[in-house]
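Below is one structure, written out as structure tokens; comments come after it.
Below, chain A is the first sequence line, B the second, and so on; all start at residue 1.
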2 protein chains.
Amino acid sequence: MKPPRARRGGGRPTIADVARLAGVGAITVSRALREPERVSESLRQQIQRAVDELDYVPDPNARALASARAEVFGVLVPSLTNNVFAEVVRGVYDSLSDTHFRVQLGNTHYSAVEEVRLLQLFLSQRLGARMDPRSQRRLAGYRAAMEAARLFDPDLITTTPVPSSVTLGSDLFRGALAKMPSLDGVFCNNDDLALGVLFECHRASIAVPDRIGICGFNDFDMMQIAYPSVTSVRTHRYEIGRQAVVMAREAIAGMRLKNPIVDIGFELKLRDSTNRL
Amino acid sequence: MKPPRARRGGGRPTIADVARLAGVGAITVSRALREPERVSESLRQQIQRAVDELDYVPDPNARALASARAEVFGVLVPSLTNNVFAEVVRGVYDSLSDTHFRVQLGNTHYSAVEEVRLLQLFLSQRLGARMDPRSQRRLAGYRAAMEAARLFDPDLITTTPVPSSVTLGSDLFRGALAKMPSLDGVFCNNDDLALGVLFECHRASIAVPDRIGICGFNDFDMMQIAYPSVTSVRTHRYEIGRQAVVMAREAIAGMRLKNPIVDIGFELKLRDSTNRL
DNA sequence: CTGAAAGCGCTAACAG
DNA sequence: CTGTTAGCGCTTTCAG
């Protein structure tokens, strides 16, 4: 018979410690914590006291390993510095705050296969406004509306693989105006660009909205207070994150999703930048 | 003797499967994956082939449980929608991208004690500009500089518990100007406020910088392209995230940090908004 | 309602 | 350089 090996684990109390102190089996502690209603009132209190005294906190890794369930929400976003995605993440995060789920950012390490797939996905989404599927669909919507109004002219559209920014908005607008001096309105794929256009108008003393109308997309808070205030399309980003969590949890619970695709809607915020009197 | 229980685990291949296929011990597979140099070339290849064939991916939970090391970087930020913190997170994330570390956001579930502590920390940091320690230190710096120049006047300072925003900048500026019509410069605690001031100036036809000079803090990209461009203080947010990771990893590796406090520095970006000719 | 035993998948320790 | 053994801390299964 060999001597027992030295214990490896850190000093943290384990479920066994709690069980011993409470004078019950480990599994009862486990149950008391996860399904309190399945444990008698008295034992539950006894256990709670032991938990408090030892300051016991379950180990999520052991739990995940034993139950084969992770309680981790992976969130994959193309860009962390983009406010749009930051708000989606916040929606996800808040929706999970009352659960034991952890939020993990863009983990491509989980699966080698996923890693490649996601990497490609990432790459395919950040190379620029033109390739981003969301941008493409906005463009399609713009086109459809313009065609319906018999105003569509492909030459009026500018796309670029350069990442969107306020600076880019200024630059593109300057170029567009040079090519088409009679230009009298700009619909920007997002608010950054719209702000860039606005600043460029100030710089060049171009009256907004009288000479040039401006409309952005996303409706960041700033658009409302800009001078003049800028018309934009408000998307419900936070709600997207929230809904995503709701649906994911339903799916996890084995429920079949009634509406695998939810239309979160949007709002057109009409402001001064397009309000020609 | 009882019959063996049915296996529970999901269908995913385990390290034992790989070991069997490669004709080696499980621990050798483990080593081949984590410390390839400690395994002979030939076995390593054999193992790699088995890994590929089975599409084996190590279970991070089991790994964490067995090694008592987590490979998870917890990141706690006061606000996800604040660009400053988003960039810090990005710095953290990028610095970790070539490792197996996972990034986990503001996990307060890890420890009940921590949860309370962090919650309080969070609450204490987002209630408004005045309570934020960073803001306080900026204010202290401003005060020191003004006193050195014998220009300090407490009445010129406006603080508020309202969360910072562009709108707030407009509002505060309007109020300050009403109280002190001779006001000729504004140093804002952050760029949002500065932009609000700028827009308000446009709105009220106040010349910038001739009538009012404006300086922000953080130096978001927008400040450079705003009209007029806005002077600001650039902080190295991404670098903060990166450094934090470096230091954390050194600490994990058991190294004693030479400089537990690193001065990342800053840059004053002088622009048109304070450039009175 | 409670518990004992048997793993979950992996790695540290201890031998070769 | 490789393998054997004994857990990591929790939960599932099976049995009261």
Are any of the side-chain heavy atoms of A/Ser30 and A/Ile15 separated by less than 4.5 Å? yes
Judged by each residue's nearest nucleotide on DNA chain D, which is more toward the 5′ side, B/Gly23 or B/Ala62? B/Gly23
Could you check if a side-chain atom of B/Thr28 sits within less than 4.5 angstrom of a side-chain atom of B/Ile47, using non-hydrogen atoms only? yes
What pairs with A/Asp219 under salt bridge (Lys or Arg N to Asp or Glu O under 4.0 Å), at least two apart in sequence or on another chain? A/Arg234, A/Arg271
Can you tell me if A/Glu87 uses its side chain to pair, donor with acceptor, with the backbone of A/Tyr238 under 3.5 Å? no
Looking only at side-chain N and O atoms, does B/Thr14 come under 4.0 Å of OP1 or OP2 in C/dC8? no
Specify the residues of residues 30-39 of chain B, ordered by number, for which at least one heavy atom lies under 4.0 angstrom from an atom of DNA chain C. B/Ser30, B/Arg34
Given atom CG of A/Asp59 and atom P of C/dC8, what is their separation to the nearest angstrom? 18 Å
Phosphate OP1/OP2 of D/dT2: any B/Ser40 side-chain N/O under 4.0 Å: yes
Selection from D/dC8, D/dG3, C/dA12 that lies nearest to any side-chain heavy atom of B/Ser67: C/dA12
So which heavy atom on A/Asp191 is nearest to which on A/Phe220, and how close? OD2-N, 2.7 Å
Atom CD1 of A/Ile15 and atom P of C/dG3: how far apart are they, to the nearest Å? 12 Å
Whole angstrom is fine here: how far is it from CZ in B/Arg44 over to P in D/dC1? 9 Å
